[in-house]
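Step one of this worksheet: look at the structure below.
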Amino acid sequence: MLDMQRIRDNPEFIKKASENKKSPVDIDTIINLDNRRRDTIKEVERLKNLRNTRSQEIAVLRKEKKDATKVIAEMKEVSDRIKDLDGQQKEIEETLHEHLIRVPNIAHESTPHGESEKDNVVTATWEKPPSFDFKPKDHIELGIILDIIDFPRGAKIAGAGFPVLKNEGARLERALINFFLETHTRRHGYREIFPPFLVNRASLFGTGQLPKSEEQMYFIGEDGLFCIPTAEVPVTNLHRDEILDQAQLPIKYCAYSACFRREAGSYGRDTKGYLRVHQFNKVELVKMVLPSTSYDELELLRIDAEFILKALGLHYRVLTLCDADLSFAAAKCYDLEAWAPGEGSYLEVSSCSNFEDFQARRMNIRYRPANGDKPRFVHTLNGSGLATARILVALLETYQTANGTVHVPEVLHPWMQGLTEIGPR
RNA sequence: GGAGAGGUGCCUGAGCGGUUGAAAGGGGCGGUCUCGAAAACCGUUGAGCUGGGUUUCCGGCUCCCAGGGUUCGAAUCCCUGCCUCUCCGCCA
């Protein structure tokens, strides 16, 4: 959510920026509602002031056993008028709110301008794609040969898009999660959180998934709860409606969670295999920081996520998303894409975003400046570090051998009970 | 699932329907004292919105879990929801 003051001061700029982000908004209506709101407030506050002073007078008259019926009758009318105006104000504010929550975050000045995802900028690449003296298999084939991914049985027990990991595949998945968590907690100084996997509406509103993306989430109607699409939601909401001390910042959390996505509307894209599934595992990094440091923190966050890819020895590239491809709540975002030789394409395995105060406003997360000033909104950031589903794909396809086995990267050995190579059963 | 209790400021904890934004204590901050510290004493200590002067300034309105209702007036009365706690049942 943007600051109303900011919209009031730069309506044309906001209008242009929202168009650049491909989610235009009706700024004129918002400005108009804002004016009506403030006019109403002026009038209703004048009347309430009158009511308050007169009520005092009534109390005094009563105490002195004098007649107050005239003032009371007068105030009854004023009260009716107030009730009427209160209703109007509430209505205006609700309408204004409905508009405001749909205004996207404004892209940061360092975010490139573009028309579509084609205009994302390749900012960095790491190593070269591995070369093979044989035709590399894709992960689906490898999964079947090695008996580590079972698509048909997943479909049987849950549905399409719910593959089952088995044997060394299951163990590898667990090793990856452990490696991620250990790295970020011990090496990078994040505090570990194990969050609920179901959250309420308020939490999803706070991080920006609601109201825009409700159809993308699994909803348990009976309890009014949603399956989290990412640990970002519960973890960022930890400090909702709180005022933190400046000394506590920056707060750095990492959390493993399963992630649930309906992927409605994306049927036909990446339908095969393990690339787009309804449930996957992810270790998420979340930061709450001083506004003045958030862009430095974004670079550090990206470095922390990249460290994992480097340690796994995967070829990858970094994209800086252009404004048109930026998500609703983000001001700047880097996508990390790992190379999958079998697919012959890059797979998005992490998005590192700075939301500035956009989420903090929705969640009302503030900090008290060290000098004791009024509370200010924190800046929030998050990034995957990393998502296992696609990393597993990149891993299997990168480390496969001519005879169909897959080497286990050395950094995962501590969690593989001595297994260094996965072979056919 | 059944039966109770309760949700007040950073914390504990008062609060006959009418100067209660809120007693008291604790904590925090500032000061006095001290070479310094402790103790003691004094002072101070919420947020949002909206005006005006427009750097440290001065007003008004709102907020005692949330949303409704009663009333001239509600933290205080009534209803609904949410949350917490205790007991019973069930259970990983």
Side-chain angles (χ1 to χ4, degrees), chain A residues 1-9 30-101 194-206 210 219-226 234 237-249 251 258 357 359-378:
Chain A
M1 193 146 61
L2 296 183
D3 185 3
M4 188 58 225
Q5 188 69 46
R6 189 175 170 195
I7 298 176
R8 216 178 277 155
D9 293 342
I30 289 173
I31 297 284
N32 187 24
L33 284 164
D34 179 51
N35 287 332
R36 282 178 58 203
R37 168 171 179 269
R38 282 185 297 164
D39 288 344
T40 310
I41 284 173
K42 267 188 228 172
E43 175 63 4
V44 80
E45 286 193 352
R46 188 183 68 78
L47 292 172
K48 282 181 178 172
N49 183 230
L50 179 68
R51 181 178 69 183
N52 288 344
T53 49
R54 286 286 188 278
S55 289
Q56 285 307 317
E57 290 171 20
I58 291 170
V60 172
L61 289 174
R62 279 286 188 82
K63 197 170 280 178
E64 296 173 353
K65 306 272 197 237
K66 291 179 180 167
D67 178 50
T69 51
K70 195 178 163 196
V71 197
I72 288 177
E74 197 183 318
M75 283 308 102
K76 200 174 173 66
E77 278 181 42
V78 171
S79 273
D80 285 346
R81 178 71 183 139
I82 288 172
K83 192 176 270 185
D84 190 41
L85 284 173
D86 269 344
Q88 283 183 36
Q89 184 188 334
K90 195 180 169 199
E91 207 171 296
I92 292 169
E93 285 180 345
E94 277 170 4
T95 313
L96 179 59
H97 185 72
E98 280 305 304
H99 280 82
L100 277 180
I101 60 176
F194 206 119
F197 292 0
L198 301 183
V199 295
N200 56 32
R201 284 204 123 80
S203 296
L204 285 158
F205 173 80
L210 288 180
F219 177 55
I220 294 132
E222 186 152 10
D223 301 290
L225 296 170
F226 293 83
N237 274 279
L238 281 173
H239 295 295
R240 170 148 55 87
D241 292 318
E242 289 183 19
I243 300 176
L244 308 161
D245 287 328
Q246 178 170 339
Q248 291 176 260
L249 305 178
I251 290 174
D357 65 4
Q359 293 182 326
R361 269 175 204 290
R362 290 178 157 239
M363 274 176 286
N364 195 25
I365 305 178
R366 295 171 293 172
Y367 72 97
R368 169 96 49 199
N371 63 14
D373 273 358
K374 289 268 176 191
R376 299 179 59 195
F377 290 108
V378 299

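Here is the naming used below: chain letters follow the sequence lines, and residue numbers restart at 1 for every chain.
- Between the CZ atom of A/Arg201 and the P atom of B/rC82 there is a distance of 15 Å, rounded to whole Å.
- Between A/Asn200 atom CG and B/rC83 atom C1' there is a gap of 12 Å when expressed in whole angstrom units.
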Exercise. Any chance you could lay out the salt bridge (Lys or Arg N to Asp or Glu O under 4.0 Å) test for A/Glu93 and A/Lys90, step after step, and finish with the verdict?
Key: CA-CA 5 Å; A/Glu93 285 180 345; A/Lys90 195 180 169 199; over 6 Å; no
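- Atom name C1', nucleotides B/rG31 and B/rG13: the rounded distance is 28 Å, in whole Å.
- When the P atom of B/rG69 is taken as reference, atom CG of A/Asp86 falls 10 Å away, rounded to whole Å.
- Within the shown strands, B/rU86 is the pairing partner of B/rA3 under the Watson-Crick or G-U definition, both distances less than 3.5 Å.
- One atom, NZ of A/Lys83, and another, C1' of B/rG68, lie 11 Å apart when rounded to the nearest Å.
- For B/rC91, there is no paired base (Watson-Crick or G-U wobble, both distances below 3.5 Å).
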Exercise. May I have the step-by-step check of salt bridge (Lys or Arg N to Asp or Glu O under 4.0 Å) for A/Lys48 and A/Asp86, ending in yes or no?
Key: CA-CA 10 Å; A/Lys48 282 181 178 172; A/Asp86 269 344; 3.3 Å; yes
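- Using Watson-Crick or G-U wobble geometry with both donor-acceptor distances under 3.5 Å, B/rU56 finds no partner in any strand shown.
- If you take atom P in B/rG68 and the same atom in B/rG51, they sit 23 Å apart, rounded to whole Å.
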Quiz item: Could you write nucleotides 45-64 of chain B as a row of B, S and -, 5' to 3', where a protein heavy atom under 4.0 Å of any base atom gives B, of only sugar-phosphate atoms gives S, and otherwise -?
Solution: -SSSBSS--------BBS--
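- Here B/rA47 sits opposite B/rU62 as a Watson-Crick or G-U wobble pair (both hydrogen-bonding atom distances under 3.5 Å).
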Self-check item: Criterion salt bridge (Lys or Arg N to Asp or Glu O under 4.0 Å) on A/Asp9 and A/Arg6, from CA distance to verdict
Solution: CA-CA 5 Å; A/Asp9 293 342; A/Arg6 189 175 170 195; over 6 Å; no
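- Of the P atoms belonging to B/rA23 and B/rA14, the separation is 14 Å, rounded to the nearest Å.
- No donor-acceptor contact under 3.5 Å links the side chain of A/Arg54 to the base of B/rG73.
- Taking a 4.0 Å limit (strictly below) on heavy-atom distances, residues 72-81 of chain A reaches RNA chain B at A/Ile72, A/Met75, A/Lys76, A/Ser79.
- In this structure, the side chains of A/Phe377 and A/Asp3 stay at 4.5 Å or more apart for every pair of heavy atoms.
- Counting heavy atoms from C-beta on, the side chains of A/Leu244 and A/Leu249 come closer than 4.5 Å.
- A/Asn364 and A/Arg366 form a side-chain donor-acceptor contact under 3.5 Å, judged by distance and modelled atom types alone.
- A gap of 26 Å separates the P atoms of B/rU86 and B/rC77, to the nearest Å.
- Using Watson-Crick or G-U wobble geometry with both donor-acceptor distances under 3.5 Å, B/rA75 finds no partner in any strand shown.
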Exercise. Verify salt bridge (Lys or Arg N to Asp or Glu O under 4.0 Å) between A/Arg54 and A/Glu57, making sure each step is shown before the conclusion.
Key: CA-CA 5 Å; A/Arg54 286 286 188 278; A/Glu57 290 171 20; 3.5 Å; yes
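- Remark: A/Arg8 pairs with A/Met4, A/Gln5, A/Asp34, A/Arg38 by the side-chain contact (heavy atoms from CB on, under 4.5 Å) rule, at least two apart or across chains.
- Spacing between B/rA3 and B/rU45 at atom C1', rounded to whole Å, works out to 43 Å.
- A 3.5 Å limit on both hydrogen-bonding distances identifies no Watson-Crick or G-U partner for B/rU70.
- Between the side chains of A/Asn237 and A/Arg240, at least one donor N or O sits under 3.5 Å from an acceptor N or O.
- Atom CZ of A/Arg62 and atom C1' of B/rU19 are 17 Å apart (whole Å).
- Across the C1' atoms, B/rU55 and B/rU71 are found 46 Å apart, a figure rounded to whole Å.
- At a threshold of 4.0 angstrom between heavy atoms, the contacts of A/Lys90 are confined to the sugar-phosphate backbone, with no base atom among them.
- When both pairing distances are held under 3.5 Å, B/rG25 makes a Watson-Crick or G-U pair with B/rC11.
- Here the straight-line distance linking atom CG of A/Leu85 with atom NZ of A/Lys83 works out to 13.0 Å at 0.5 Å rounding.
- A distance of about 14 Å separates the P atoms of B/rU84 and B/rU8, rounded to the whole Å.
- Straight-line distance from the CG atom of A/Asp241 to the P atom of B/rG9: 14 Å, rounded to whole Å.
- A/Tyr367 does not carry A/Arg376 over the face of its six-membered ring by the limits of under 6.0 Å from the centre and within 45° of the normal.
- Computed from coordinates, the A/Ile82 CD1 to B/rC72 P distance equals 13 Å when rounded to whole Å.
- Between B/rC11 and B/rC16, the distance separating the two P atoms is 22 Å to the nearest Å.
- Rounded to an integer number of Å, the gap from A/Glu242 CD to B/rC11 P is 11 Å.
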